[in-house]
Structures are given as C-alpha cells and as structure tokens.
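Heads up, the thing below is written out as structure tokens.
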Amino acid sequence: MNIEVKTAKVRPQSYAGDLAVHFVREGENDGPASAGAEVRELVSRAVAAGDFAGKEGQTLLVYPGGRGPKRVLVAGLGSEKVTPELLRNAGGRIAAAAGKTKTEKLLVTLPAAGLPPGEAVRALTEGLVLGAYTFRKHKSQADPEDEGGELREILFPAGGGAAARTGIAWGRAAAAAVCAARDMANEPANFMTPTRVAELARDLAGRYGLAAKVLGKKELEKLKMGGILGVNRGSAEPPTLSVLEYRTGRKAPTLLLVGKGLTFDSGGYSLKPAAGMHEMKYDMCGAAAVLGAMQAVGELAPPGLDVVAVVPATENLVGPAALKPGDVITQYGGKTVEVMNTDAEGRLILADALAYGIERYKPDFVIDLATLTGAAIIALGHHRTGLLGNDDGLAARVLAAGEAAGEPLWRLPLGPEYGKQLKSRIADLKNVDKRDGGTILAACFLQEFVGKIPWAHLDIAGTAWDFTDKPYIPKGPSGVGVRTLLELIRGWK
Ligand code: BES
Ligand code: MN
Ligand code: ZN
C-alpha cells in the first residue's frame with residue numbers, strides 16, 4: 001500500500017488531477033452543491049433521463065470540459081442516515097471507479113451532511129485504501145484485464161483542521177494494517193512459513209518500537225509446548241512463537257492477543273479432502289489479524305491499554321513423525337490431550353500460546369482470533385464472526401467494536417454441559433467429540449487453558465476470507481479482526 005492521503009486547500013472545480021468525486025443524497029436532482037455549474041447541469045440531465053437518482057451505491061461518471069479534473073464521479077449516498085459503514089462502502093466504490101479509469105490522483109469532497117468531518121474522512125480513507133487493495137506480487141507480467149493499482153494520492157479539500165488530520169491518520173493506519181494482514185494471508189504457504197511470520201513480527205516491532213521476542217523450536221522444547229511441537233511434527237519447517245509488547249508507559253490494564261498461525265493446514269493424518277485444500281494457506285488469518293492490530297497500535301499509540309501479542313505458527317502436515325489419531329500430547333503447563341483428530345490442530349497450538357501468555361504476562365483480558373472450525377461457517381455463514389467467551393462485559397465490548405468496524409459478530413454459548421464432552425478416557429482431555437456444536441466444543445477446549453480471566457474467542461473461519469461481498473472487501477482474505485481490535489483498543493476506558 002503506497003497511497004498518500006492528505007487534506008489540501010483546493011477548489012474541486014480547479015483541481016487538475018485525474019478524478020474528482022462529489023456526493024449527492026437521493027433526490028438532490030440539481031447535482032452536488034460542491035461541484036461547478038457544468039457538472040450540475042450534466043447530473044440534472046442524467047436525473048431527467050432516469051439514469052441516476054443519487055441512490056446509495058449509484059455512481060455517475062461525467063467529463064466536464066475546462067481546466068479542472070479530467071473526470072468527475074458523482075456518488076449517491078441514498079436517503080438513509082450517513083454512517084461510517086456507508087462511507088466505507090462509498091470509498092470502496094470510488095476506488096473501483098478509480099481503478100477502471102487508471103486514476104493516480106483523486107480528490108474527494110466530503111458529503112455536506114451526516115458525520116463530523118473527522119469521522120467522515122476516517123471512514124472514506126478506510127474504504128478508499130481498502131477498496132484499492134491488490135496483490136500482484138507473484139505475477140511475472142502485468143495482466144491488461146487487471147484493474148486498479150494505480151492510485152497514488154487522495155486529497156480531501158477539507159480545509160484541514162485537526163479533526164480531519166486525525167481522521168486521516170486513523171483511517172490510514174487502520175487500512176494499512178488490514179492490507180498488511182491481507183498480504184500475509186495472500187502469500188502462499190511456501191512463502192509465508194512460520195519463520196517468515198516471526199520475521200514479520202520482528203520487523204514490525206522494529207518499525208514501531210515494540211518489544212519483540214521470537215521462540216524457536218529449541219525454546220519451545222525447553223518450555224514443553226507439546227501442542228505446537230506436536231502439530232509441527234509432520235512439517236519440515238520449524239515452528240515459531242512470536243511475542244510483541246506494546247506498552248503505554250501508564251498504569252493501564254494489559255490485553256493479551258493470541259492469533260492462530262497455521263501457515264498451512266492439510267489436516268494431518270485426519271487429512272482434508274483435496275478440493276479446496278489450497279485455501280488452508282489462509283489458516284493463519286488469526287495471526288495476521290493480531291499482527292495487523294499490533295502494527296496499527298504501534299503507529300497510533302492509543303493510551304488505554306497495554307497490549308501483548310502471542311502468535312504461534314506452524315504447518316500441519318503428514319510424515320513419518322507426524323501426530324497420529326489417538327496420540328497423547330502434553331500441553332504447556334502439563335495438561336494431557338488425546339488427539340482424536342489431527343485436523344483439530346488449531347486448539348492445540350492456541351492452548352500452549354494462551355497458557356504461556358497468561359502465565360508469563362498476567363493479562364487482565366484475553367482475546368484470541370482463529371480460523372478454528374468449519375462449524376462456524378455452518379452456524380453463521382460468511383457474514384458474522386463467531387464470538388464465545390466467559391465474560392459478558394468483554395463480549396459486549398467486542399460486539400460493539402465489531403459493529404462499529406463493519407465486522408459484525410454473533411455470540412454463541414459456552415457451558416459445562418458442552419465441556420464434559422471433551423473428557424478423555426485415557427488423558428485429561430480429548431481434542432474433539434462428535435461434530436455437533438463444533439464451534440462451541442473448540443472454544444470449550446480453549447477455555448480449559450484460560451481459566452477465570454475475562455476472555456473472548458473470535459472464530460473467524462467464515463469471515464477471514466469469502467467475507468460478505470462489500471465494495472471495500474476484496475475476494476480472498478478480508479483482514480477481518482484488525483479493525484475490530486483497533487476499535488476496541490482505541491476506545492478502551
Ligand atoms: N482450519 C480448520 C477450520 C476451517 C475449516 C477454517 C474451513 C476455515 C474453513 C481447522 O483446523 C479444522 O480443520 N477444524 C476441524 C475441526 C474438526 C476436526 C473437529 C473442522 O472444522 O472440520
Ligand atoms: Mn485443521
Ligand atoms: Zn486449522
């Protein structure tokens with residue numbers, strides 16, 4: 001992502017860039033007040049012809065003459081309340097129009113009414129930058145049918161003001177962090193290895209002055225992290241566990257973030273079917289979301305919470321040393337687990353990471369994100385992240401943050417009646433029972449390693465990719481979770 005976003009004192013009519021954007025509400029039939037007479041005339045003709053009404057999602061591209069912008073896009077905002085999500089979607093559509101016209105320089109006039117300018121600029125920045133996202137690293141040649149990727153500069157003729165500048169900074173940091181998470185996820189598993197995950201964690205710590213620590217295989221062995229090591233046994237790539245610490249320097253509560261970093265999940269000997277297995281390179285989207293959130297936190301330095309991130313990473317493959325169904329492993333801290341199904345591996349690496357993070361960093365709150373269960377997709381489809389946890393207050397905060405970020409969640413229950421299903425005949429626990437209620441059972445397993453600390457678990461299996469079709473969410477990985485976490489941390493009181 002290499003897009004400059006700034007405010008500037010320019011008149012939209014004399015802006016000499018590639019594209020100027022104006023908004024209209026539905027029924028504003030004389031065109032946008034912010035545009036010049038010629039644009040307004042062109043818009044009212046389109047309205048009279050029945051081609052444009054300013055409905056939400058409608059856009060009209062016009063080509064006024066003169067010395068102003070090469071093109072003008074008029075974007076409808078409908079007649080409902082203007083919300084951040086509405087503006088993020090509008091930003092995404094503008095980015096698509098900019099892509100089609102190979103626009104490098106873009107000017108966006110703020111909608112006349114609705115949100116305070118700081119919030120409007122923030123939401124538009126997020127939508128524009130996220131909508132302009134592309135991943136072309138592995139194309140050896142430019143594809144002429146590929147649209148987008150040219151956008152370099154976004155101007156808001158907002159007259160400046162501290163609120164607008166702050167809005168841009170927040171929107172940019174959030175969007176850049178989401179793009180970083182998408183990049184990590186798009187990267188194939190032969191590039192995004194556990195070692196690479198740890199390198200990225202170290203890099204970002206260096207950039208933002210966070211404390212960083214990476215545990216390699218030897219250290220994990222010394223600490224007896226039998227979950228991560230067990231899952232790793234079929235892999236030629238050594239596992240890593242990365243820890244990043246953001247400290248406010250004040251007396252603030254500590255939030256522990258844990259993200260599932262399965263850089264590839266074949267299922268192990270409980271092998272997945274071939275169809276769709278390639279998608280399991282995305283099984284590190286929890287890790288990507290946590291690292292993305294740490295990037296934005298590092299950049300914006302919010303004052304309310306100290307944040308510690310623990311990111312366990314490994315592949316789950318087969319081989320002569322791999323775990324076999326029925327094997328017993330010992331998790332960090334000593335609990336034993338009968339591995340009935342080697343494809344329920346995420347909970348095994350998260351259990352070590354949660355137990356270690358809690359013991360070592362004594363957090364006040366814990367949140368983990370994981371592409372943990374196919375059952376979450378069965379339950380909620382691709383429109384909501386599954387939320388489970390042991391604390392109503394924390395759950396309410398996470399739900400509100402997700403709602404504000406346009407990343408909605410839905411809470412599922414936990415309870416001892418479910419937990420009982422994970423009793424093993426020969427070890428302390430088994431990692432699966434029959435399929436029913438799979439998302440809840442997975443969370444119950446994690447709960448065994450969390451205890452009483454307020455904890456929220458986000459099962460992002462349905463939303464980490466193939467998320468709700470929206471103008472600022474591309475096909476492929478969505479970067480879900482990054483903006484929810486950021487919203488939660490930024491607003492913490
Ligand atoms: N990474 C998968 C979950 C998953 C599946 C995420 C599909 C996204 C799309 C996880 O490791 C897994 O395989 N879970 C099993 C658990 C089962 C064996 C209890 C599943 O959901 O089938
Ligand atoms: Mn699996
Ligand atoms: Zn998995």
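As the structure lists them, so they are numbered: ligands from 1, and atoms in each ligand from 1.
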Protein contact of [atom] - nearest heavy atom, named by residue and atom, plus distance:
{"atom": "atom 2 (C) of ligand 1", "value": "Asp265 OD2, 3.6 Å"}
{"atom": "atom 19 (C) of ligand 1", "value": "Val432 CG1, 3.5 Å"}
{"atom": "atom 14 (N) of ligand 1", "value": "Leu372 O, 3.4 Å"}
{"atom": "atom 20 (C) of ligand 1", "value": "Gly374 N, 3.8 Å"}
{"atom": "atom 18 (C) of ligand 1", "value": "Asn341 ND2, 3.4 Å"}

Has ligand 1 got any nitrogen or oxygen that is less than 3.5 angstrom from a nitrogen or oxygen of Thr371?
yes
Of all the atoms in ligand 1, which lie at a distance below 4.0 Å from a heavy atom belonging to [X]?
{"X": "Ile377", "value": "9 (C)"}
{"X": "Lys272", "value": "2 (C), 12 (C), 13 (O)"}
{"X": "Ala461", "value": "6 (C), 8 (C)"}
{"X": "Trp465", "value": "8 (C), 9 (C)"}

With the Zn ion (ligand 3) at the center, what angle do OD2 from Asp265 and NZ from Lys260 span, rounded to 10 degrees?
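With the Zn ion (ligand 3) as the vertex, the angle is close to 170°.
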Tell me the angle that OD2 of Asp265 and OD1 of Asp343 form around the Mn ion (ligand 2), rounded to 10°.
100°
For the residue pair Arg397 and Trp492, would you count it as a cation-pi contact if the rule is NZ or CZ under 6.0 angstrom from the ring centre and within 45 degrees of the ring axis?
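Pair Arg397/Trp492 counts as cation-pi.
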Is the shortest side-chain N to carboxylate O distance from [X] to [Y] below 4.0 Å?
{"X": "Asp428", "Y": "Lys335", "value": "no"}
{"X": "Arg196", "Y": "Glu199", "value": "yes"}
{"X": "Glu85", "Y": "Lys470", "value": "yes"}
{"X": "Glu187", "Y": "Lys137", "value": "yes"}
{"X": "Glu126", "Y": "Arg122", "value": "yes"}
{"X": "Arg93", "Y": "Glu56", "value": "yes"}
{"X": "Lys260", "Y": "Glu345", "value": "yes"}
{"X": "Arg247", "Y": "Glu245", "value": "yes"}

Can you tell me which N/O/S atom of Glu345 has the shortest distance to the Mn ion (ligand 2)?
OE1
Would you say that Lys224 contacts Glu221 through its side chain, given a criterion of any heavy-atom pair below 4.5 Å between the two side chains?
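A side-chain contact under 4.5 Å is absent here.
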On a heavy-atom basis, I'd like to know which of Met280, Arg347, Lys260, Glu279 is closest to atom 9 (C) of ligand 1.
Met280
Going by heavy-atom distance to atom 11 (O) of ligand 1, choose the closest among Lys434, Glu345, Met284.
Glu345
Where's the contact between Asp343 and ligand 1, heavy-atom distance under 4.0 Å: side chain, backbone, both or neither?
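Answer for Asp343: both.
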What N/O/S atom of Glu345 gets nearest to the Zn ion (ligand 3)?
OE2
Can you tell me which N/O/S atom of Asp283 has the shortest distance to the Zn ion (ligand 3)?
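Within Asp283, restricted to N, O or S, the Zn ion (ligand 3) is closest to atom OD2.
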State yes or no: are the ring centers of His383 and Phe467 separated by less than 6.0 Å?
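No, too far apart.
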